[in-house]
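The structure appears below as structure tokens.
Side-chain atoms are counted along with the backbone in the values below, which use heavy atoms only and exclude waters and symmetry mates.
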Amino acid sequence: MLFTPKLALSIAVSFCVLVGARTDVAASLAATCEGSVVTSETFIGKDKNVKMETFSCSGTNKRSVNVNLDARQTTPTNVCEISCATNCFLPAGGGPNPFDCQVITDALLFDSENVGAIFTIALGNTVALTYNSCETFFVNQDLGPLAYCRTDWATVVNSVAFNCQATQNAHGGDCIAADQRWFIQVQQS
């Protein structure tokens with residue numbers, strides 16, 4: 001399935017509508033993935049104070065992407081250093097504390113140096129990081145697994161957290177890859 005700008009807008013609007021009413025990342029995932037379940041949970045960073053969860057679709061994907069077993073077992077596509085377009089969620093109010101997001105950024109940078117620079121995210125999976133008021137997640141919308149750099153994710157979190165605040169009439173935001181295979185969202189937890 002080709003992700004067109006119209007489809008991306010539809011997905012983004014679904015997320016924006018849902019973000020205002022959500023209480024956790026699992027509720028937000030319902031917009032793109034039926035039956036999302038936590039497949040792993042751990043804590044990352046130097047102080048092990050940032051919660052990392054991986055979610056997987058156990059039901060039918062609402063995007064109706066049919067992928068066979070061979071496609072799911074392919075080598076991950078490296079999307080490090082691929083730019084994404086930042087969008088702030090309007091209107092103002094309810095955004096994360098950017099200094100809580102900075103703790104997530106620091107944890108990503110620490111793990112980049114001590115665990116590995118690149119992480120893999122399977123087809124249809126989402127990785128979520130949470131610390132106090134800040135939550136960010138990386139969503140794989142591609143037709144196969146992706147590999148992404150922790151340092152790039154840290155840069156996006158830092159940028160969105162400090163530039164999509166009430167002073168910019170916003171409350172968090174996202175960064176969507178130009179080809180729409182993935183996006184990163186930063187919001188209040």
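Neither I44 nor L109 shares a network with the other; the hydrophobic side chains, linked directly or stepwise wherever heavy atoms of I, L, V, M, F, W or Y lie under 4.5 Å apart, form separate groups for each. Connection of L123 to F119 is not established within any shared hydrophobic cluster, with ILVMFWY side chains joined at heavy-atom distances below 4.5 Å, either directly or through further cluster members. In the hydrophobic clustering of ILVMFWY residues, with side-chain heavy atoms under 4.5 Å counting as a link, V50 and F55 come out apart. With hydrophobic clusters built from ILVMFWY side chains whose heavy atoms lie under 4.5 angstrom apart, V156 does not share a cluster with F162. V186 is connected to I82 through a chain of hydrophobic side-chain contacts under 4.5 Å among Ile, Leu, Val, Met, Phe, Trp and Tyr, so both are in one cluster.
If you take CD1 on I121 and OG1 on T126, they are separated by 5.5 Å, rounding to the nearest 0.5 Å. In this structure, CG in D111 is found 11.5 Å from CG in D106, a value given to the nearest 0.5 Å.
With E135 contributing its side chain and Y131 its backbone, the two residues share no donor-acceptor pair below 3.5 Å. A distance-only check finds no donor-acceptor pair linking the side chain of N158 to the backbone of A154 [under 3.5 Å]. The backbone N or O of Q165 sits less than 3.5 Å from a side-chain atom of Q168, completing a donor-acceptor pair. Using modelled atom types, no side-chain atom of N140 and backbone atom of N125 make a donor-acceptor pair closer than 3.5 Å. A side-chain donor-acceptor contact under 3.5 Å links Q141 to the backbone of Q180. Between the side chain of S189 and the backbone N or O of N132, at least one donor-acceptor pair lies under 3.5 Å. Looking at R150, its side chain does come within 3.5 Å of a backbone N or O of G116 through a donor-acceptor pair. Side chain of N169 to backbone of A92: a donor-acceptor contact under 3.5 angstrom is found.
No side-chain heavy atom of L129 sits under 4.5 Å from any side-chain heavy atom of K51. Using a 4.5 Å heavy-atom threshold, the side chains of V103 and C134 count as separate. With a 4.5 Å cut-off on side-chain heavy atoms, C84 and I176 do not count as touching. Looking only at side-chain heavy atoms (C-beta outward), C164 and T86 come within less than 4.5 Å of each other. Put simply, the side chain of I118 reaches to within 4.5 Å of the side chain of N78, judged on heavy atoms.
More than 12 heavy atoms of other residues, nucleotides or ligands shown are found within 6.0 angstrom of NZ on K48. More than 12 non-hydrogen atoms from other residues, nucleotides or ligands lie less than 6.0 angstrom from CZ of F43. Within 6.0 Å of atom CD in E41, more than 12 heavy atoms from other residues, nucleotides or ligands are found, so the atom counts as buried in its surroundings.
Using cut-offs of 30° and 60° on the angle between ring planes, the pair F183 and F137 is perpendicular. Using cut-offs of 30° and 60° on the angle between ring planes, the pair F89 and H171 is tilted.
Closest heavy-atom contact between P76 and T120: CG-CG2, 3.6 Å. The two residues P98 and A161 come nearest to each other via the heavy atoms CB-O, 3.5 Å.
Side chains of N87 and D174: a donor-acceptor N/O pair is present below 3.5 angstrom, by distance only. Between the side chains of D100 and S133, at least one donor N or O sits under 3.5 Å from an acceptor N or O.
Separation of the W153 and Y148 ring centroids does not fall under the 6.0 Å cut-off.
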Test side-chain contact (heavy atoms from CB on, under 4.5 Å) applied to M52 and V127, step by step: CA-CA 7 Å; M52 182 175 99; V127 176; 3.9 Å; yes
